[in-house]
Amino acid sequence: GNSVTQMEGPVTLSEEAFLTINCTYTATGYPSLFWYVQYPGEGLQLLLKATKADDKGSNKGFEATYRKETTSFHLEKGSVQVSDSAVYFCALSDMGSQGNLIFGKGTKLSVKP
Amino acid sequence: NAGVTQTPKFQVLKTGQSMTLQCAQDMNHEYMSWYRQDPGMGLRLIHYSVGAGITDQGEVPNGYNVSRSTTEDFPLRLLSAAPSQTSVYFCASRTASTGYATYEQYFGPGTRLTVT
């Protein structure tokens, strides 16, 4: 079945450090891929998405590229800020099931000043 | 435009009690869903609906019931609460238009449920 595996945290970085959170997936067909972010005490919100191979999603300095050959969608940011502290979820849309989202387990990021 | 709203924010139940978690959206979205979030487990789909009168099971449906009588509302019922249902519950919605799988889901703020 479809699944998402992402790097488990927690990840602790200093402000202005480079961030990578790895995400790989298993899926039939060509799912859309998403990164959602959850700030403390809040619901999830979309950070970025990519809907086909080689697409790059980007938002707020974050970016991720849909790599079909490696079945990956790694999240990167060149210089993190304290305000980026949150839990990040990689997800795919299950094409065979009404586009239901399948989530990875989440990666908690803490950024220290 | 309130988006997706959930009530209550917090709830404590005793084992065996029943309750309904409320979810409403004002974006005229056909697709609505319920997830539970547990530490180290990510979000897991409980039930979903693609329109009024249509519901289906997700990955972890046991112990939960849903109905969809209107486009706006999608309540989740716990029939007989168990400690294993202690979790944070999120409702989400999305359009079901052509290309639906490429569209984002909008999440509510969550309900934190504790079953003792």
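Residue numbers begin at 1 in each chain, while the letters A, B, ... track the order of the sequences.
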Between B/E59 and chain A, with a heavy-atom cut-off of 4.5 Å, which part of the residue counts as in contact: side chain, backbone, both or neither? neither

Counting heavy-atom pairs under 4.5 Å with chain A, which one of B/L43, B/D56, B/V88, B/V4 comes out on top? B/L43

Any chance NZ of A/K68 has more than 12 other-residue heavy atoms, nucleotides or ligands included, within less than 6.0 Å? yes

Would you give the length of the straight line joining atom CG of A/L44 to atom CZ of B/F90, rounded to the nearest 0.5 angstrom? 6.0 Å

With a 4.5 angstrom heavy-atom cut-off, is it the side chain or the backbone of B/L45 that approaches chain A, or both, or neither? side chain

Check the surroundings of atom NZ in A/K77: do more than 12 heavy atoms from other residues, nucleotides or ligands lie under 6.0 Å from it? yes

Treating Ile, Leu, Val, Met, Phe, Trp and Tyr as nodes and any side-chain heavy-atom pair under 4.5 angstrom as an edge, say whether B/M19 and B/W34 lie in one connected cluster. yes

Evaluate B/F107 against A/E42 for side-chain contact (heavy atoms from CB on, under 4.5 Å), listing each step before the verdict. CA-CA 9 Å; B/F107 285 79; A/E42 298 184 9; over 6 Å; no

Spacing of A/L48 atom CG and B/E104 atom CD [to the nearest 0.5 Å]: 11.0 Å

Report yes or no: do A/V87 and A/V11 belong to one cluster of Ile/Leu/Val/Met/Phe/Trp/Tyr joined by side chain heavy-atom distances under 4.5 Å? no

Are B/Y103 and A/L46 side-chain neighbours, meaning at least one heavy-atom pair lies under 4.5 Å? no

B/R44 portion near chain A, given a 4.5 angstrom heavy-atom threshold: neither

Max heavy-atom pair count under 4.5 Å with chain B, selected residue of A/K52, A/E8, A/Q38, A/Q6: A/Q38

For A/Y30, look at atom OH and say whether over 12 heavy atoms of other residues, nucleotides or ligands are found less than 6.0 Å away. no

Taking A/F62 as the starting point, is it possible to reach A/F34 by hopping between hydrophobic residues whose side chains are less than 4.5 Å apart? no

Cluster overlap B/I54 with B/V66, hydrophobic side-chain contacts below 4.5 Å: no

Pairs of heavy atoms under 4.5 Å with chain A: top-ranked of B/K9, B/Q105, B/M41: B/Q105

B/E30 CD to A/Q98 CD distance, which is reported to the nearest 0.5 Å: 11.0 Å

Less than 4.5 Å to any heavy atom of chain A: does that hold for the side chain of B/S33, its backbone, both, or neither? neither

Greater than 12 external heavy atoms within 6.0 Å of B/Q17's CD: yes

Within this structure, what is the CZ-CD distance for the pair A/F103 and B/Q37, rounded to the nearest 0.5 Å? 9.0 Å

Shared hydrophobic cluster for A/V37 and A/F73 (ILVMFWY, side-chain gaps under 4.5 Å): yes

So, taking the atom named OH in B/Y35 and the one named CG in A/L101, what distance separates them when rounded to the nearest 0.5 Å? 4.0 Å

Would you mind checking which part of B/Y31 comes under 4.5 Å of any heavy atom in chain A, side chain (CB onward), backbone (N, CA, C, O), both or neither? side chain

